[in-house]
Every structure is written in C-alpha cells, then in structure tokens.
There are 2 protein chains.
Amino acid sequence: MITIKDIANEANVSTGTVDRVLHNRGGVSPKTETKIRKILKQKKFKINLIASSLAMKKHHNLATLIPKHDEQNLFWKSPYSGIKKANQEVGAYGIENHIFLFDQFDPQSYLKAFRKLIKTMPDAVVMVPVFVKESSEIIKELDDKKIPYLFLNAALKGYENLCYIGQKSFEAGILSGKLSHLCSKEKDEFLIILTRKNIHDYEANNERIKGFINYFNRNLPQAVIHQLKFDQSEGIKIVSKKINNFLTQNPRVRIVMVPSSRVSNICKLIDNDLLSGLKLIGFDTTPQNVEVLNKGIVSFLISQKSFNQGYKAITTIANYLVHKETPSDEIPMPLEIITKENYRYSHTEERNY
Amino acid sequence: MITIKDIANEANVSTGTVDRVLHNRGGVSPKTETKIRKILKQKKFKINLIASSLAMKKHHNLATLIPKHDEQNLFWKSPYSGIKKANQEVGAYGIENHIFLFDQFDPQSYLKAFRKLIKTMPDAVVMVPVFVKESSEIIKELDDKKIPYLFLNAALKGYENLCYIGQKSFEAGILSGKLSHLCSKEKDEFLIILTRKNIHDYEANNERIKGFINYFNRNLPQAVIHQLKFDQSEGIKIVSKKINNFLTQNPRVRIVMVPSSRVSNICKLIDNDLLSGLKLIGFDTTPQNVEVLNKGIVSFLISQKSFNQGYKAITTIANYLVHKETPSDEIPMPLEIITKENYRYSHTEERNY
DNA sequence: GCTTAATAAGTGTACGCACACGAATTTTTA
DNA sequence: TAAAAATTCGTGTGCGTACACTTATTAAGC
C-alpha cells in the first residue's frame with residue numbers, strides 16, 4: 001500500500017506538500033507539483049479513505065426535510081428507513097443527520113418544519129421540494145446562507161441543487177408498457193386505472209402513464225389503451241362499481257396498469273371473477289402490494305428501490321461534506337422488475353453491495 | 001461522540017483497559033470490567049469503525065481461487081471484475097488479495113493453482129470448488145492450517161466453509177418459467193435449448209431447467225415443454241440446422257429458454273424469419289447477451305449479478321478478518337429481471353448503495 | 001549592488017481514535 | 001519478604017489533514 005509518506009519521500013518533499021497537491025490547496029510551485037503528480041500517477045496512489053475520514057473529522061451537521069408517512073400513506077416509509085440506515089453508517093464519520101417531517105398535503109407544515117430545520121444551522125440539507133411556491137422561498141434562504149441542498153424524489157428545475165436523486169418515472173412507465181406488451185395476446189386491450197390523484201404522486205403517476213403510452217406508440221401503435229381516472233371525492237363503492245362495469249363492457253381488456261403505488265387497493269375493488277382474467281402491473285413494493293403479488297393477483301411490480309433512494313441521498317451528501325466529492329447532477333435509481341418468484345431475492349429493503 | 005478516552009476517564013482507568021474489555025481480551029479484574037461495561041452501556045458507546053480500521057491495519061493476506069475467463073468462456077469475467085473492484089476497496093483496510101486462476105476444465109490446473117496459493121500463506125481463502133475430489137484434498141489442507149475459506153458459486157456440502165455466496169439456480173429457473181408463462185398465449189409450446197454442456201456450468205444449467213419445469217408442473221401442468229440438447233462435439237452448422245428444422249416442425253413453439261449464459265449464440269443459429277416469431281429468455285448480462293436484448297431479439301435476461309457475487313465474496317471475508325463479523329451460512333444474490341427498457345438502470349456492473 | 005520587506009514555497013507535527021504490546025504497578029502466593 | 005501472577009498504565013502505530021512555522025524567492029527601495 002502506497003502512503004502519502006512514500007510519495008513525499010520519493011519526491012523529496014514533506015507530506016504536507018503532497019497533501020496540498022492532492023487537494024489542490026495551492027501554494028506549491030508548478031515544478032514541484034508536476035513532479036509530485038507524476039509520482040502519484042506512476043505509483044497509482046489512492047487516498048486511504050479510512051485515514052482520511054479519521055483526520056477530517058469535524059462534526060458535520062446534516063438536516064433532512066421529507067414528508068411523513070402513516071398507515072394511509074406508506075410511500076415515504078421506505079425512503080425514511082433508508083435515511084435512518086444511512087444515518088447510522090455516516091454517524092461513524094462524525095456526521096449527524098436530523099430528520100424533519102411534514103404533511104405532504106399541507107404547505108404550512110412544510111414551511112413550519114423548515115423553520116425548525118434552519119434553526120439547527122445545518123451544513124447541508126436533503127429535501128423533497130413538493131410545494132413549488134414554498135420551496136422557492138425555502139431555497140432562497142438556503143442559497144443566502146450558502147447551505148448546499150439535494151433534491152430527493154421531486155425534481156424542481158432552475159435551482160442550484162447539488163444533485164437530484166429520484167425516480168425515472170417516465171422510464172418506469174415505458175418498462176410497464178413493455179411488460180404489458182409481452183404479457184398480452186393479440187387484440188388484448190389495455191387499461192390504466194388512476195385513483196385518488198394526490199398532490200404529491202401526481203407528477204410521478206402522470207409520467208408513468210406518459211411512458212406507458214409512449215412505449216405503445218413506438219412499438220404497437222394499434223394498441224387500444226383505456227384510461228379510468230377517479231377523484232378522491234368519489235366513494236370506494238362507486239369507484240368499484242364503475243371499474244367492474246367498465247371491465248364487463250370491455251371484455252378485451254386483459255392487462256391493467258396502475259401507475260400509483262396502490263395497485264393492491266385496486267385489486268380489492270375488482271370482482272374476483274373479473275380479476276382472474278386480468279394481468280395487473282403495479283408500482284412499488286409496499287407490504288400490501290407484495291401481498292397481492294404473492295397471491296398471484298398482480299403479475300409485476302416495478303420497484304424504484306425507494307429505500308435505496310433515501311440511503312443514497314444521505315451517503316451522497318455525506319461524501320460531499322467529508323470528501324468534497326461533487327455528485328453528478330442526477331442519480332437515477334435502478335428499475336427493478338419484481339414478481340412473486342424473485343421478490344425474496346430482491347433485497348428491496350437493504351443496501352446491497 | 002463518545003470515545004474510548006471518555007469511557008476511560010469516567011472509569012478512572014486507561015484506554016488500554018477499556019479496549020481489553022471491548023474485545024474480551026481478558027486480563028481485567030471482574031470489578032473493573034463490570035464498572036467499565038456499565039459506563040459503556042450507559043453512555044451508549046459504539047466503536048468508531050473508522051479509527052478501528054485504521055488501528056487494526058495489520059497486513060491481512062487474502063487469496064482467491066477462481067476459474068479464468070477468455071473469449072469463449074466469459075462467465076467468470078464478471079465475478080473477476082467484482083473481485084478486482086472489492087480488492088481496491090478493502091485495500092484501504094490493509095487487506096491484500098491475490099487471485100489465482102485455473103482452467104475450469106482441468107483438475108490438474110486447479111491443484112496447481114492451489115499449490116501456488118498455499119505458498120503465500122493466506123489468512124483466508126475465497127474459492128470456487130468446481131472439482132469435487134480435488135476440492136476435498138484442498139480443503140483438508142486448509143482445515144489443517146486453520147485457514148478459513150468461503151465458497152463462491154459452487155456449493156459443496158459437508159465442509160466447514162465460512163459461508164456460501166452464489167447463484168440460486170433452481171429459483172432462477174422457476175423465475176424463467178414464470179416469465180415464459182406470462183409471455184405465452186394459450187397452446188403455445190416451450191423449448192429449452194442447451195448447447196455445449198461444459199463441466200462447470202452443467203450443475204447450474206441443470207438446476208435452471210429443473211426450476212423451469214417445476215414452475216410449469218405447479219402452474220400449468222398441461223404445458224408442452226420440448227428440450228434440445230447438443231454436445232460440444234457437434235458442429236455449429238449441424239446444430240443450427242437441427243434447431244431450425246425442429247422449429248419448423250413445431251410451429252407452436254413460441255417461447256425459447258436458454259439455461260446457459262449463451263442465448264446470444266443461439267440467436268445466431270436461428271433463421272431470422274423463425275426468430276421473429278419467438279420470445280427468448282436467457283441468463284446473464286454478458287455484452288453479447290445485452291446486444292441481442294437491445295436489438296429486441298431476446299425479451300428477458302435473468303441476471304444473477306455475478307459482479308456483485310465476486311464483490312460480496314471479498315467484502316464478506318474482509319469483514320470477517322477485520323471486524324470478526326461472522327457471515328450467515330448462505331448469501332444469495334438477487335435475481336434481476338432485465339429487459340431492454342431497464343438494462344440502463346440496472347447497475348449490473350456496479351456496486352450500488 | 002545591497003538590504004529589507006513581502007510573498008511564495010515548503011516543513012514539521014499535533015490531531016483524530018482505537019489498538020496492542022512492553023513496562024510498571026498492584027495483588028496474591030509461597 | 002521475595003517471587004510470581006494478575007492488573008493496569010503509557011505510548012507508539014496506522015495515515016492523512018491542516019495549521020503554525022521556517023526557508024527560499026522575488027520585488028522594492030535607496
């Protein structure tokens with residue numbers, strides 16, 4: 001193992017000088033710098049991250065602003081767990097992360113949580129900018145205070161965010177199109193069911209639908225794609241009736257794609273005899289969705305590894321703080337196809353090496 | 001952050017004593033030990049892994065014994081890359097890993113490589129025990145010398161290996177069955193093509209076939225499953241002819257499953273007009289396979305993340321050596337379903353967090 | 001041309017934290 | 001009371017970081 005000392009010896013300088021070259025901290029003559037760089041390259045020197053972290057230890061203070069989850073809204077549970085897991089790991093590097101939760105339907109709670117957050121004077125912020133107007137306000141304050149921030153799962157444009165980590169919803173939609181296509185027989189028709197437009201999911205669901213349609217436009221233009229959209233205001237029973245009526249009247253519909261993470265709810269609304277003739281494709285491996293997957297009711301779930309998204313957000317910003325590693329603008333997460341047969345082996349809730 | 005020093009101060013002992021309690025190294029009076037443990041618990045002390053790793057650095061010496069790869073046999077390329085990547089990372093922890101390669105068809109070269117390996121007096125060994133008899137000999141020597149060893153990708157039973165990391169081939173076969181089933185129309189027939197039985201892949205391929213058939217026995221007993229097996233001795237042209245003849249005579253065959261990692265080769269043997277009517281399912285994301293996937297010739301590839309297998313093998317044994325973390329007996333790798341649409345987002349050749 | 005100040009370049013080392021071993025101290029045994 | 005055994009202490013080590021400090025170089029002033 002090559003150490004900074006080895007390099008310093010070879011170049012007849014002190015370790016301090018080598019360190020200054022390594023971190024571009026200036027104050028080194030061009031001649032010396034060239035010499036050192038050459039030796040670094042030749043000996044393939046790599047900074048020992050262990051020693052580096054130890055030496056760097058200054059108490060970094062992170063803050064995270066994400067929607068809270070509950071029984072009704074499980075979507076944010078997974079990223080939350082990922083963030084928690086990451087917190088443990090980066091803790092060893094002297095980084096503390098405080099999580100601030102808000103109600104994803106209430107802009108006021110968003111602002112309120114931010115006020116609390118900003119009081120802790122964080123060195124960096126991970127945030128989910130769900131509300132456009134309020135976010136602009138928040139981000140202005142962060143910019144003023146020169147606090148770097150990272151967007152998780154909502155890609156607001158036009159800001160100087162360090163990076164975006166999140167879904168590729170359009171691509172996920174394309175993938176759902178492909179799977180639907182592969183599962184379909186000739187003359188089968190397709191149905192997209194979207195219930196309960198909620199503020200947050202709206203964008204992602206829409207993109208998934210766009211992607212789905214895009215796939216068929218390119219690969220099977222003659223495909224018949226139906227769409228059923230229901231509002232939050234409509235009662236479950238009415239929705240159920242409408243869906244069942246629709247399916248009865250359109251017996252060629254054999255593939256149902258549910259762009260939200262609530263395919264399990266949809267299953268419950270469909271009569272069993274109709275259900276058995278359908279192939280369903282949904283998103284996200286929520287416990288409820290996994291249940292209907294395992295029962296064979298749903299054929300595919302497309303998972304965006306939301307656990308890993310949360311995890312990655314924290315490790316990314318931690319690396320930025322500790323090692324000054326600037327991340328790429330966008331870090332997409334893998335699109336996993338989950339079936340009953342590989343769910344057990346898909347490690348969705350776990351960092352995998 | 002609580003340090004060993006804090007604990008030592010509180011307990012009026014030196015850091016050395018605290019350290020001996022932490023690592024159960026003995027030589028501490030029961031009274032002192034109790035006192036220290038109490039403070040450790042009360043202050044929720046956790047060892048700083050960074051500092052620990054740095055301090056622990058004694059040059060651990062690893063050795064890896066795996067089959068070599070070449071143009072004809074790409075299977076081992078991916079695990080090899082994973083091992084290389086892991087080597088870099090664990091290098092920071094003062095661990096050096098030497099890789100010894102052998103010819104997967106030649107037991108003598110296996111033994112020869114091992115003789116070389118054992119001369120380096122490794123602290124632990126990662127091995128692929130392809131040859132049963134020879135492995136028994138090798139393992140006896142490792143046991144005698146009390147060198148811990150880990151099996152990669154070939155699960156030999158009855159030995160005291162630290163752990164097994166590898167394929168779940170049977171389960172992968174089941175999954176391929178499920179995908180085939182989903183893609184199929186009524187009365188479609190299925191074909192399994194196995195070329196070039198080579199010694200090593202034999203077991204895995206066989207398990208995949210068993211899994212495939214098992215799936216249909218349970219879910220579609222009336223399915224017609226054909227099998228074509230070719231020997232290494234037969235020329236490509238003859239094989240090609242046989243396959244094309246078979247497909248022509250069995251027009252109901254619409255789904256082809258290739259249990260080896262050579263689905264791309266099979267594609268080349270099939271006439272284009274026959275090919276366009278087929279759905280193919282293969283294994284492993286070799287560059288050649290990805291090419292036919294992207295061309296739309298192959299519908300699904302099932303990936304066992306062999307890169308990650310190699311990677312994981314090294315990190316597992318490194319953690320064992322450095323942090324005395326005993327791994328679980330078996331570490332299965334995720335079964336990934338890869339299509340043209342999600343390949344880009346599947347990170348197959350990369351550690352993902 | 002020579003001195004002095006100003007700046008640039010480079011050095012040396014304490015520090016972060018846990019680890020482990022020789023040395024010192026205390027306790028026990030003979 | 002000496003010798004042996006059991007505890008406990010003190011400190012060097014791993015490696016990179018960063019800051020205070022020293023030395024070399026250049027510029028300015030007379």
Side-chain angles (χ1 to χ4, degrees), chain A residues 1-37 39-40 43-60 90-96 319 321-325, chain B residues 1-37 39-40 43-60 89-96 321-325:
Chain A
M1 157 150 270
I2 314 293
T3 72
I4 259 192
K5 227 173 175 174
D6 298 331
I7 306 293
N9 276 121
E10 183 91 6
N12 283 315
V13 295
S14 78
T15 59
T17 307
V18 177
D19 186 60
R20 273 187 345 291
V21 169
L22 282 172
H23 296 283
N24 301 305
R25 233 178 301 112
V28 182
S29 70
K31 202 171 63 186
T32 314
E33 177 160 354
T34 319
K35 186 167 68 180
I36 292 175
R37 286 208 189 281
I39 297 170
L40 285 174
K43 297 218 162 187
K44 290 179 187 167
F45 173 83
K46 288 235 173 81
I47 289 182
N48 180 333
L49 283 181
I50 304 299
S52 175
S53 306
L54 187 58
M56 292 257 246
K57 173 155 313 234
K58 16 176 155 84
H59 279 273
H60 286 296
V90 300
Y93 291 79
I95 294 170
E96 249 188 304
N319 274 329
L321 288 178
V322 178
H323 304 300
K324 276 145 198 150
E325 267 180 34
Chain B
M1 161 151 270
I2 314 293
T3 73
I4 262 191
K5 226 172 174 174
D6 299 330
I7 306 293
N9 274 121
E10 183 92 4
N12 284 314
V13 296
S14 79
T15 61
T17 307
V18 176
D19 184 62
R20 283 207 311 306
V21 170
L22 283 172
H23 296 282
N24 300 305
R25 230 179 303 114
V28 181
S29 68
K31 202 172 60 185
T32 314
E33 179 162 352
T34 320
K35 185 168 68 178
I36 292 176
R37 284 208 190 281
I39 297 170
L40 285 174
K43 298 217 163 189
K44 289 180 187 166
F45 174 83
K46 286 230 176 86
I47 290 182
N48 179 335
L49 281 180
I50 304 299
S52 174
S53 303
L54 186 60
M56 290 261 245
K57 175 157 314 229
K58 26 174 151 84
H59 281 273
H60 284 297
E89 288 190 25
V90 300
Y93 291 78
I95 293 170
E96 249 188 303
L321 287 178
V322 178
H323 303 300
K324 276 142 200 153
E325 268 180 34

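Below, read A as the first sequence line, B as the second, and so on, with proteins coming before strands; counting in each chain starts at 1. This structure is a prediction, so every number in the text was calculated from the model and none was measured.
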By nearest atom, which of the nucleotides [options] is closest to the [X] side chain?
{"X": "B:Arg25", "options": "C:dG10, C:dC19, D:dC9", "answer": "C:dC19"}
{"X": "A:Val13", "options": "D:dT11, C:dA18, C:dT11", "answer": "C:dT11"}
{"X": "B:Asn48", "options": "C:dC17, C:dG10, D:dG14", "answer": "C:dC17"}
{"X": "B:Ala51", "options": "C:dA9, D:dG16, C:dC17", "answer": "C:dC17"}
{"X": "B:Ser14", "options": "D:dG10, D:dC15, D:dA18", "answer": "D:dG10"}
{"X": "A:Ser29", "options": "C:dG10, D:dG14, C:dC19", "answer": "C:dG10"}

**Q.** Shortest non-hydrogen contact from B:Leu54 toward A:Ile50
**A.** N-CG2, 3.7 Å

Q: Would you name the heavy atoms of A:Thr15 and A:Ala8 that are closest together and state the gap between them?
A: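 Closest approach of A:Thr15 to A:Ala8: N-CB, 3.7 Å.
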
Just to be sure I understand the rule, does [X] reach a base, reach only the sugar-phosphate, or reach nothing, if contact means heavy atoms closer than 4.0 Å?
{"X": "B:Ile4", "value": "sugar-phosphate"}
{"X": "A:Asp19", "value": "base"}
{"X": "B:Asn12", "value": "sugar-phosphate"}
{"X": "A:Thr17", "value": "base"}
{"X": "A:Thr32", "value": "sugar-phosphate"}

(Q) Please compare A:Lys5 and A:Arg20 by the position of their nearest nucleotide in DNA chain D and report the one closer to 5'. (A) A:Lys5

Q. Would one find a side-chain N or O of B:His23 under 4.0 angstrom from OP1 or OP2 of C:dA20?
A.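 Answer is no, no contact under 4.0 Å.
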
Q: Please state whether the phosphate of C:dA18, meaning OP1 or OP2, lies under 4.0 angstrom from any side-chain nitrogen or oxygen of B:Ser52.
A: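 Indeed not, no polar side-chain atom of B:Ser52 lies that close.
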
Q: Check whether more than 12 heavy atoms from other residues, nucleotides or ligands sit under 6.0 Å from atom CD of A:Glu96, and answer yes or no.
A: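 No, because the 6.0 Å sphere around CD of A:Glu96 holds 12 heavy atoms or fewer from other groups.
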
Could you state the [atom1]-[atom2] distance from [X] to [N], rounded to the nearest angstrom?
{"X": "B:Lys31", "N": "D:dT8", "atom1": "NZ", "atom2": "C1'", "answer": "13 Å"}
{"X": "A:Lys46", "N": "D:dC15", "atom1": "NZ", "atom2": "C1'", "answer": "17 Å"}
{"X": "B:Ile2", "N": "C:dG16", "atom1": "CD1", "atom2": "P", "answer": "15 Å"}
{"X": "A:Ile47", "N": "D:dA18", "atom1": "CD1", "atom2": "P", "answer": "10 Å"}
{"X": "A:Glu33", "N": "C:dA8", "atom1": "CD", "atom2": "C1'", "answer": "14 Å"}
{"X": "A:Leu49", "N": "D:dT17", "atom1": "CG", "atom2": "C1'", "answer": "14 Å"}
{"X": "B:Met56", "N": "C:dC21", "atom1": "CE", "atom2": "P", "answer": "12 Å"}
{"X": "A:Ile95", "N": "C:dG16", "atom1": "CD1", "atom2": "P", "answer": "18 Å"}

Q: Show your reasoning for whether side-chain contact (heavy atoms from CB on, under 4.5 Å) applies to A:Phe45 and A:Ile4.
A: CA-CA 8 Å; A:Phe45 173 83; A:Ile4 259 192; 3.7 Å; yes

**Q.** Sub-4.5 Å side-chain heavy-atom contact between A:His23 and A:Ile47
**A.** yes

(Q) Just so I know, are the side chains of A:Leu40 and A:Leu22 near enough to count as touching, which here means a heavy-atom distance under 4.5 Å? (A)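 They are in side-chain contact.
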
